[in-house]
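Working notes, beginning with the structure itself.
It should be emphasised that the depicted structure is a prediction, and the values quoted were computed from it without experimental measurement. Note on naming: letters A, B, ... go to the chains in the order of the sequence lines (proteins, then strands), and numbering restarts at 1 for each one.
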Protein chains: 2
Amino acid sequence: MAAPKTQTLERQEQITQAALDLINDQGVSGLNIAGIARRVGIVPSALYRHFVSKDAVLDAVLDLIRQRLLDNVAHVRKKTPVPLNQLKLLFTRHIVMLRENRAIPHVVFSDAVYNGQPDRKAKVAQIITSYLKEVEFIIESGRQDGTIHKEVVPATAAVMFLGMIMPAVVLWNVSQTKFDMTAHINTAWPAYERSIAVQIPKEAS
Amino acid sequence: MAAPKTQTLERQEQITQAALDLINDQGVSGLNIAGIARRVGIVPSALYRHFVSKDAVLDAVLDLIRQRLLDNVAHVRKKTPVPLNQLKLLFTRHIVMLRENRAIPHVVFSDAVYNGQPDRKAKVAQIITSYLKEVEFIIESGRQDGTIHKEVVPATAAVMFLGMIMPAVVLWNVSQTKFDMTAHINTAWPAYERSIAVQIPKEAS
DNA sequence: ATATAATGTGAATTGTGAATCACAATTCTT
DNA sequence: AAGAATTGTGATTCACAATTCACATTATAT
């Protein structure tokens, strides 16, 4: 009962997705060739027809993650032209995304990244910084149109934007999903907005 | 050439410290019994006289980390009685600490925590939340003495305090230590202060 | 001092998982 | 339809690391 033959390109996508799913369930340390193969429906050795090594699979997963993150930004841009609304939307969408893809923080924080080849580390650095650049860009356009304070330093504000998300996700993960993300979104966002927006929004509590 | 016999209590401390050092260098996935034993100066099997398993060593490392974090808070409390100054000091000290102990983020974000026994996960949750509680406490006393806005929600402000630190450390790690932490401290802190303090400090840019 | 407990040692055991390889089945080319 | 290329399979190898164990050595108690 051999698995049906499938073009490498398609298999690579299946394998990458399966790897992401596996990491969602078991973390990066739970990522193993046999597990991936099982999910795809092939035998472990067959995987090597499509990837030269396990490391190569991890790199593909990183590419997938980058794509998802940037797609997110693009989607938000289309949704509304107002910088502050874009940020708010990006904030909630990003949190929802990380909730559903626990693999993302897993990979980004994993030892495979922190202590693997410098290439991989650089790749993650590039993913994060390009995401930050997008956020900075939104903030900068807010400064231009006068909705965001001129004194705000875009780079710092972007890092702090990430700072609303990162600890929340970590707490949520560590607390067996008990940490109330919705409540966090509802209180953190106004605080963030207050610190960068020019005028307090209509309903000032 | 046997290693000198040493009381279990002292050896446990040596082993825990060696494990922390090893994680500093190689990450959690690089943590191995042989490596720890080498650093302590004993043979791998000897380690089992003092810890029942590798997992037990990791748990001890977690205890050590908690202790370090809380010592940090206590130190800051002694240094100054002014809440905002305590926060600022805690901020810089925390960053310095994480710079010198890359093991801390490694462990906190590791798979061993995210996918290990629920006990360990709970332990990490407890470490983070107790640290947050301390920060909340400082913020609350600032609200009491009128130096921090009444509208500030201590829990949220504490999470965002962590939010100044976490992404910075991640960026620093991932960027081969190229990310400028000092610059981050200098711009992030005023922004944070502005968002919670009642009055803008003397020199308003 | 001697028995007993505690600690250290080297060898052996066990498990795990990545990677390789010769061969089989399938698809593609022409 | 024959031959070449691609993809799949099972057995196997290899390295690595945690743990156990019988025995040696040192410290402690009486």
Side-chain angles (χ1 to χ4, degrees), chain A residues 1-23 25-62 106-107 110-113 115-117 120, chain B residues 1-19 21-23 25-61 106-107 110-113 115-117 120:
Chain A
M1 32 178 199
K5 287 204 173 188
T6 307
Q7 291 265 324
T8 282
L9 204 76
E10 189 182 346
R11 274 280 190 252
Q12 283 177 335
E13 285 171 5
Q14 294 175 351
I15 289 169
T16 309
Q17 183 60 53
L20 191 70
D21 293 344
L22 188 51
I23 296 174
D25 292 351
Q26 325 231 356
V28 177
S29 64
L31 184 67
N32 65 93
I33 299 292
I36 301 171
R38 202 176 321 119
R39 284 173 186 242
V40 173
I42 57 179
V43 116
S45 56
L47 192 146
Y48 289 88
R49 294 287 177 205
H50 313 290
F51 283 97
V52 297
S53 67
K54 185 183 163 181
D55 268 0
V57 177
L58 233 189
D59 282 332
V61 170
L62 280 179
H106 270 139
V107 172
S110 73
D111 278 347
V113 163
N115 292 89
Q117 305 100 323
R120 178 162 319 126
Chain B
M1 33 177 200
K5 288 204 173 186
T6 308
Q7 290 264 326
T8 281
L9 204 76
E10 188 182 347
R11 273 279 190 254
Q12 283 176 337
E13 285 170 7
Q14 294 175 351
I15 290 170
T16 309
Q17 183 60 53
D21 294 344
L22 187 51
I23 296 174
D25 291 351
Q26 324 230 356
V28 178
S29 64
L31 183 67
N32 66 92
I33 299 293
I36 300 170
R38 202 176 320 120
R39 284 171 186 245
V40 173
I42 57 178
V43 115
S45 57
L47 190 145
Y48 289 87
R49 296 286 177 206
H50 313 290
F51 283 96
V52 296
S53 68
K54 184 182 164 182
D55 267 359
V57 177
L58 233 190
D59 282 331
V61 169
H106 270 140
V107 172
S110 73
D111 278 347
V113 163
N115 292 89
Q117 305 99 323
R120 177 163 317 127

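- Among the atoms of the strands shown, only primed sugar atoms or phosphate atoms (P, OP1, OP2) are found under 4.0 Å from some heavy atom of A:L31.
- The separation between B:R49 atom CZ and C:dA5 atom C1' is 11 Å, rounded to whole Å.
- With contacts defined as side-chain heavy-atom distances shorter than 4.5 Å, the pair B:L22/B:N32 qualifies.
- Distance CG (B:L47) to P (D:dT20): 12 Å, rounded to an integer number of Å.
- Applying the 4.0 Å criterion to OP1 and OP2 of C:dA6, one finds that B:R11 has every side-chain N and O outside that range.
- Considering only side-chain atoms of B:S45, the nucleotide from D:dT20, C:dT20, D:dT19 that sits closest is D:dT20.
- Taking 4.0 angstrom as the limit, A:T8 places a side-chain polar atom (N or O) nearer than this to OP1 or OP2 of D:dT7.
- Checking C:dG8, D:dT20, C:dT20 against every side-chain atom of B:A46, the shortest atom distance belongs to C:dG8.
- Between A:F51 atom CZ and C:dG17 atom P there is a gap of 20 Å when expressed in whole angstrom units.
- Distance A:Y48 OH to D:dG10 P: 16 Å, rounded to the nearest Å.
- Looking at which nucleotide of DNA chain C each of A:P4 and A:K54 is closest to, the 5′-most match is held by A:K54.
- The distance between atom CD1 of A:I42 and atom P of C:dA25, rounded to the nearest whole Å, is 18 Å.
- For A:K5 and D:dG8, the shortest distance from a side-chain N or O to OP1 or OP2 is not below 4.0 Å.
- By the 6.0 Å contact criterion, CD on A:Q117 is enclosed, its count of non-hydrogen atoms from other residues, nucleotides or ligands being greater than 12.
- Going from atom CD of A:Q7 over to atom P of D:dA5 covers 16 Å, rounded to whole Å.
- If you take CD1 of B:I33 and C1' of C:dT14, they are 16 Å apart, rounded to a whole angstrom.
- Within the 4.5 Å cutoff, the side chain of B:I42 has no heavy atoms near those of the B:Q14 side chain.
- A:L9 has its CG atom 14 Å from the C1' atom of D:dT6, to the nearest Å.
- A pairwise comparison of heavy atoms in A:V61 and A:L20 identifies CG1-CD1, 3.8 Å as the closest pair.
- Residues forming a salt bridge (charged side-chain N to carboxylate O under 4.0 Å, His left out) with B:D25 (at least two apart in sequence, or on another chain): B:R39.
- Between A:H50 and D:dT6 there is no side-chain polar atom (N or O) within less than 4.0 angstrom of OP1 or OP2.
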